[in-house]
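Let me begin by presenting the structure, written as structure tokens, before commenting on it.
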Amino acid sequence: MADSGTKVKMEQVKCASGDPITVLRFAGDITSSSEPAVLGTYGGLSPETSKRILLDFSKVEYLNSSGIALIIQLLYAASQKGQTVQTFGLTPHFQKVFTMVGITKYTKLYPDEAAACAGFE
């Protein structure tokens, strides 16, 4: 399958608490060829300034098992660095898949950004 390209946009948002939260907004496909975009972008975050991270999957068109493995690597690394990660924008199918494979051990799943932000409170 040809990779349509993974895009990851990093930005800072403020939730109700007022503290900045780092958002990684994924777009396109997340597959084995997405490692530089997914883990490379995450690797550029400082654990001191990015203690709370939101993962936005609302613009992901395709996510396969290799892509899920990359997300698990990101979540595991974040847990090792003491970062808290909330996830939103997954389709109902992938909410079920993330739950089945145990990803919810490392992140909570929310329907939208506002709910994910509130999860940090």
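Quick note: numbers below take in every heavy atom, side chains included, and nothing from hydrogens, waters or symmetry partners.
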- Task: Check the side chains of Ser58 and Asp56 for a donor-acceptor pair under 3.5 angstrom, ignoring hydrogens and angles.
- Result: yes
- Is there side-chain contact between Leu54 and Phe88, with at least one heavy-atom pair below 4.5 Å? yes
- Exercise: identify the closest heavy-atom pair between Cys15 and Ile21: SG-CD1, 3.1 Å
- Message: For a 4.5 angstrom cut-off between non-hydrogen side-chain atoms, does Leu70 reach Leu39?
- Response: yes
- Give every residue pair that meets the side-chain hydrogen bond (donor to acceptor under 3.5 Å, both in side chains) criterion with at least one member in residues 92-105, sequence neighbours excluded. none
- Message: Ignoring hydrogens, what is the shortest heavy-atom contact between Thr31 and Asn64? Give both atom names and the distance.
- Response: CA-OD1, 3.5 Å
- Task: Could you check Leu63 against Phe94 for side chain to side chain contact (heavy atoms under 4.5 Å, CB included), going step by step and ending with a plain yes or no?
- Result: CA-CA 9 Å; Leu63 176 64; Phe94 280 108; 3.9 Å; yes
- What pair of heavy atoms forms the shortest contact from Tyr42 to Ala78, and how long is it? OH-CA, 3.2 Å
- So, do Gln86 and Phe120 sit near enough that their side-chain heavy atoms are less than 4.5 Å apart? yes
- Query: When the ring centroid of Phe98 is compared with that of Phe57, is the distance short of 6.0 Å?
  - Reply: yes
- Taking atom types as modelled, find out whether Gln12 and Thr22 have a side-chain donor-acceptor pair closer than 3.5 angstrom. yes
- Note on the structure: In terms of heavy-atom contacts, Thr6 and Ile30 come closest through OG1-CA, 4.0 Å
- Item | Beyond-backbone contact of Ile71 with Val38, side-chain heavy atoms, under 4.5 angstrom | yes
- Task: Could you tell me whether the side chain of Lys59 reaches within less than 4.5 Å of the side chain of Arg25, counting heavy atoms only?
- Result: no
- Item | Lys81 and Glu48 ion-paired at < 4.0 Å | no
- So do Leu75 and Ile103 actually touch side chain to side chain, heavy atoms under 4.5 Å? yes
